[in-house]
Amino acid sequence: MVRGRLGPRGAAVMGSGGPAPAAWQPAEGLSGRFEGRAAFDAQLQYFLQNAAAQGWRQIIVADADFADWAWGSADAVELLHQWARQGGQMTVLAHRFDRLVQRHPRWVQWRRTWDHRLQCRRLLSRDVAQVPSALWSPQWAVQRLDVARCVGVASAERSAIVPLGERLQEWIRSASTPDFAATVLGL
């Protein structure tokens, strides 16, 4: 379960359709609007907990540089290990990876261990403001709409998950290139 209290609640901006096809449903109070660093960190932790517990097969994460994500905590990395052991695939989209390397060495080590489960891609957009900040799976989506204030929405509704997934897939197909190799080979 997520530790801490999430910020103010509001109507889910991402949509209001039917539930995701999986039997999993979010804990009470975690779907909808969130605000603040602690609320975003709680959403990230909740996402990872459920990805590991439910064995989510596909995850896409996106951010300009992941500098302010809680990727480097021992708890987050352990949850990522648990998830990866089940055979899922993760795509990581970023405008740049250098800050991720500097701020989250545990995540970088995890990335090296599980390279066969990850695809890291650099986003080609020159406008960093256009880069989405999101966690996505077919079961649950979290998107920061205002990165500076950590204001966003989280939802298990198909009307939220499908459009965000399509947008991220479009970034993968047409606006990104492979980057951030787990190892650098030399001659």
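- Taken together through direct or relayed side-chain contacts under 4.5 Å among Ile, Leu, Val, Met, Phe, Trp and Tyr, Phe34 and Val151 form parts of separate hydrophobic clusters.
- Judged purely by atom type and a 3.5 angstrom limit, Arg57 uses its side chain to pair as donor or acceptor with the backbone of Gln86.
- Annotation: side chain of Leu80 is in contact with side chain of Trp71 (closest heavy-atom distance under 4.5 Å).
- Residues Ser155 and Ser31 share a closest heavy-atom pair of CA-OG, 3.7 Å.
- Of the inter-residue distances, the one linking Glu166 atom CD with Ile161 atom CD1 reads 12.0 Å to the nearest 0.5 angstrom.
- No donor-acceptor contact under 3.5 angstrom links the side chains of Ser159 and Glu157, judged on distance only.
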Take Asp68 and Arg37 through the test salt bridge (charged side-chain N to carboxylate O under 4.0 Å, His left out) and record every step on the way to the result.
-> CA-CA 9 Å; Asp68 65 344; Arg37 164 75 38 226; 2.8 Å; yes
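- By the 4.5 Å heavy-atom criterion applied to side chains, Asp179 and Cys120 are not counted as neighbours.
- The closest donor-acceptor contact from the side chain of Ser176 to the backbone of Trp171 lies under 3.5 Å.
- The closest donor-acceptor contact from the side chain of His104 to the backbone of Ala70 lies at 3.5 Å or more, if one exists at all.
- Residue Trp107 holds its CH2 atom at 13.5 Å from OG of Ser73, rounded to the nearest 0.5 Å.
- Note: the hydrophobic cluster containing Ile172 also contains Leu123 (ILVMFWY, side chain heavy atoms under 4.5 Å, direct or indirect links).
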side-chain contact (heavy atoms from CB on, under 4.5 Å) assessment of Arg99 paired with Phe66 | CA-CA 7 Å; Arg99 295 181 87 191; Phe66 295 99; over 6 Å; no
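- The aromatic rings of Trp69 and Phe40 sit perpendicular, their planes meeting at an angle over 60°, well past the 30° parallel limit.
- Rounded to the nearest 0.5 Å, atoms CG (Leu118) and CZ (Arg112) are 12.5 Å apart.
- The 12-atom threshold is not exceeded at CZ of Arg149, counting heavy atoms of other residues, nucleotides or ligands nearer than 6.0 Å.
- Salt bridge status for Arg173 with Glu170: present, with a side-chain N to carboxylate O gap under 4.0 Å.
- Across Thr113 and His116, no two heavy atoms sit closer than the pair O-CE1, 3.8 Å.
- Of all heavy-atom pairs between Ser125 and Gln130, the closest is OG-CB, 4.0 Å.
- You'll find the side chain of Arg144 reaches within 4.5 Å of the side chain of Cys150, heavy atoms only.
- Looking at Arg117, Gln119, Arg111 one by one, the single match for side-chain hydrogen bond (donor to acceptor under 3.5 Å, both in side chains) with Asp115 turns out to be Arg111.
- Salt bridge status for Arg96 with Asp63: absent, with no side-chain N to carboxylate O gap under 4.0 Å.
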Which is it for Asp65 and Phe97 under the side-chain contact (heavy atoms from CB on, under 4.5 Å) test, yes or no, and what are the steps along the way?
-> CA-CA 6 Å; Asp65 60 15; Phe97 287 98; over 6 Å; no
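- Proximity of Trp56 to Asn50: side-chain heavy atoms (C-beta onward) are separated by under 4.5 Å at one or more points.
- Ring centers of Phe47 and Trp83: at least 6.0 Å apart, outside the cut-off.
- Between Leu79 atom CG and Asp75 atom CG the span is 6.5 Å, to the nearest 0.5 Å.
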Step by step, work out the side-chain contact (heavy atoms from CB on, under 4.5 Å) result for Gln169 and Ile60.
-> CA-CA 9 Å; Gln169 288 291 345; Ile60 301 172; 3.5 Å; yes
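- Between Trp140 and Gln43 the shortest side-chain heavy-atom distance falls below 4.5 Å.
- Val92 and Val101 fall within a single hydrophobic cluster, where Ile, Leu, Val, Met, Phe, Trp and Tyr side chains are chained together by heavy-atom contacts under 4.5 Å.
- At least one side-chain heavy atom of Trp136 sits less than 4.5 Å from a side-chain heavy atom of Gln58.
- Linking Ile, Leu, Val, Met, Phe, Trp and Tyr residues whenever their side-chain heavy atoms come within less than 4.5 Å places Trp114 and Met90 in a single cluster.
- For the pair Val61 and Leu93, the minimum side-chain heavy-atom distance is 4.5 Å or more.
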